[in-house]
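Only one structure is covered here, and it is reproduced in the block below.
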Amino acid sequence: MTDVTSDAAATRLRRSPLHERHTAAGAKFAPFGGWEMPLEYAGGGVLKEHAAVRTAVGVFDVSHLGKARVTGPGAAEFVNSCLSNDLRRIGPGRAQYTLCCDDATGGVVDDVIAYLYADDHVFLIPNAANTAEVVRRLRAAAPERITVTDEHEAYAVLAVQGPRSGELLAALDLPTEHGYMSFDAASLAAVELTVCRTGYTGELGYELVVPAEHAVTVWDALFAAGEAFELRACGLAARDTLRTEMGYPLHGQDLSLDITPVQARSGWAVGWDKPAFWGRDALLAEKAAGPRRTLRGLVAVDRAIPRPGMTLHVGDKQVGTVTSGTFSPTRKQGIALALLDTDANLAEGDEVQVNIRGRQAPLRLQKPPFVTPSTR
């Protein structure tokens with residue numbers, strides 16, 4: 001990510017309804033998926049924001065995430081015939097991680113959270129940059145009875161994450177006892193919102209889906225109550241270090257049109273027994289044959305910090321490429337996700353080398369997560 005000027009209009013970047021709150025808090029902004037979003041805040045930076053989520057509670061503005069609604073008779077059945085996971089595994093009031101795959105190749109157009117309201121109502125949260133394409137594909141496939149609505153800017157999303165997140169929400173009389181990957185309707189400061197037991201950090205957490213015009217009211221209410229719980233505003237840089245510690249994939253790096261769920265070891269998000277979903281034939285064939293590469297976890301043996309795009313070697317042979325890499329604030333060492341060639345026959349504990357400024361640095365294979373999660 002790189003800095004951008006404050007004139008978002010000049011670069012055609014969208015802004016969160018909380019932009020003025022971020023500016024007042026000393027946020028450093030960066031372009032992300034077509035939006036100008038906080039990268040980190042003054043008075044702390046990435047390390048303190050990361051620590052707040054692991055030890056207390058942090059709040060992220062992730063309003064750049066997409067929002068789309070699919071309604072009409074048989075809406076859930078229609079979505080289930082398109083996206084990879086099996087909505088029949090859950091009931092109303094539950095959410096599910098799923099994938100929108102290309103029908104011809106099985107590559108991942110985007111990863112999505114689907115919220116099942118009823119048989120005729122599904123709410124989707126894709127990634128910012130891919131929302132329009134997900135909506136386009138769904139609309140193109142939808143029968144006349146089904147309506148697909150792009151609601152990207154209609155809602156803000158606030159991710160309240162960390163071991164004290166439940167305490168904070170309870171102090172505001174918001175529901176906290178619902179199970180992981182479920183959601184409830186609620187009200188805060190006379191604002192109707194949805195509280196989802198979801199997140200992208202590995203910690204206990206909730207995501208609040210709020211009408212955009214009321215986002216400031218909810219943000220202010222969180223911070224008015226948050227001092228007692230050591231609440232800290234967190235930017236997308238800390239969100240990235242937190243998700244990498246968990247081994248959670250980022251679309252565009254660890255998942256993409258060129259990286260299938262089979263290669264990314266995301267087969268758990270595929271309803272293999274379903275009669276239809278986009279990419280089914282290609283993915284079943286790849287699964288049967290075995291992928292040519294798979295996503296693996298790596299930890300640095302020394303002080304090396306792997307970065308995306310770095311190539312990996314065993315001796316003189318290139319065996320893969322880093323897709324996500326960073327310094328882990330929790331472990332105090334470099335960590336990475338990487339696509340490694342299957343025919344390299346590498347096992348957990350084996351070492352590969354990465355060239356960092358002319359030095360061959362060793363990395364050891366280790367299955368993620370790299371930290372102990374408290375999500376459930």
Side-chain angles (χ1 to χ4, degrees), residues 1-2 39-40 45-47 49-51 53-54 107-108 111 200-203 236-269 286 290-375:
M1 298 180 184
T2 57
L39 183 65
E40 59 182 281
V46 177
L47 295 181
E49 293 168 19
H50 182 109
V53 175
R54 290 283 183 242
V108 181
D111 55 347
Y200 195 50
T201 66
E203 299 297 336
L236 297 183
R239 182 173 164 89
D240 191 60
T241 56
L242 289 157
R243 70 94 190 168
T244 306
E245 286 188 341
M246 282 301 298
Y248 291 155
L250 176 65
H251 190 273
Q253 293 182 196
D254 314 297
L255 292 165
S256 72
L257 279 170
D258 295 321
I259 304 172
T260 69
V262 178
Q263 296 169 23
R265 290 185 157 185
S266 297
W268 58 270
E286 184 180 32
R292 61 184 177 85
R293 57 185 185 173
T294 54
L295 195 68
R296 310 287 292 275
L298 300 169
V299 295
V301 175
D302 58 17
R303 297 175 62 85
I305 302 176
R307 298 297 184 187
M310 289 182 172
T311 56
L312 301 166
H313 296 80
V314 174
D316 294 331
K317 182 181 180 182
Q318 182 175 330
V319 296
T321 305
V322 174
T323 54
S324 289
T326 191
F327 173 77
S328 164
T330 304
R331 294 182 58 129
K332 304 294 191 293
Q333 69 183 141
I335 58 173
L337 299 175
L339 281 171
L340 296 178
D341 295 343
T342 306
D343 62 11
N345 294 317
L346 294 166
E348 301 298 314
D350 287 348
E351 290 187 5
V352 297
Q353 288 76 43
V354 62
N355 186 301
I356 298 181
R357 294 185 294 276
R359 179 178 70 88
Q360 294 298 315
L363 305 173
R364 182 175 295 117
L365 270 71
Q366 179 179 315
K367 185 178 180 179
F370 302 114
V371 297
T372 303
S374 66
T375 305

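Just so it is clear, the structure is predicted and the values come from calculations on it, not from any experiment. Computation of the quantities below employed the complete heavy-atom set of this structure, encompassing side-chain atoms and omitting hydrogens, waters and symmetry-equivalent molecules.
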Note, Val53 side chain near Arg239 side chain (heavy atom, < 4.5 Å): no
When you compare the side chains of Arg364 and Gln366, does any donor N or O come within less than 3.5 Å of an acceptor on the partner? no
Side chain Thr321, main chain Thr311, donor-acceptor under 3.5 Å: no
Only counting residues at least two apart or in another chain, list the ones meeting salt bridge (charged side-chain N to carboxylate O under 4.0 Å, His left out) with Arg307. none
Sole residue of Pro261, Ser266, Ser256 in side chain to side chain contact (heavy atoms under 4.5 Å, CB included) with Val108: Pro261
List the atom of Asp341, the atom of Gln318, and the distance in Å for their closest heavy-atom pair. OD2-O, 3.8 Å
I'd like to know whether Glu348 forms a side-chain contact (heavy atoms from CB on, under 4.5 Å) with Arg296, so could you lay out the CA-CA distance, the side-chain angles of the two residues, the decisive distance to 0.1 Å, and finally the verdict. CA-CA 9 Å; Glu348 301 298 314; Arg296 310 287 292 275; 3.3 Å; yes
Looking at residues at least two apart in the chain, or sitting in another chain, which of them share a salt bridge (charged side-chain N to carboxylate O under 4.0 Å, His left out) with Glu40? none
Should we count CZ of Arg303 as having more than 12 external heavy atoms under 6.0 Å? no
From CG (Leu255) to CG (Leu250), nearest 0.5 Å: 8.5 Å
Just by distance, do the side chain of Ser328 and the backbone of Glu245 share a donor-acceptor pair under 3.5 Å? no
Applying side chain to side chain contact (heavy atoms under 4.5 Å, CB included), name anything that partners Lys332, two or more places apart in sequence or on another chain. Phe327
Would you say that Arg54 contacts Val371 through its side chain, given a criterion of any heavy-atom pair below 4.5 Å between the two side chains? yes
CG of Leu363 to CG of Leu312, rounded to nearest 0.5 Å, is 6.5 Å
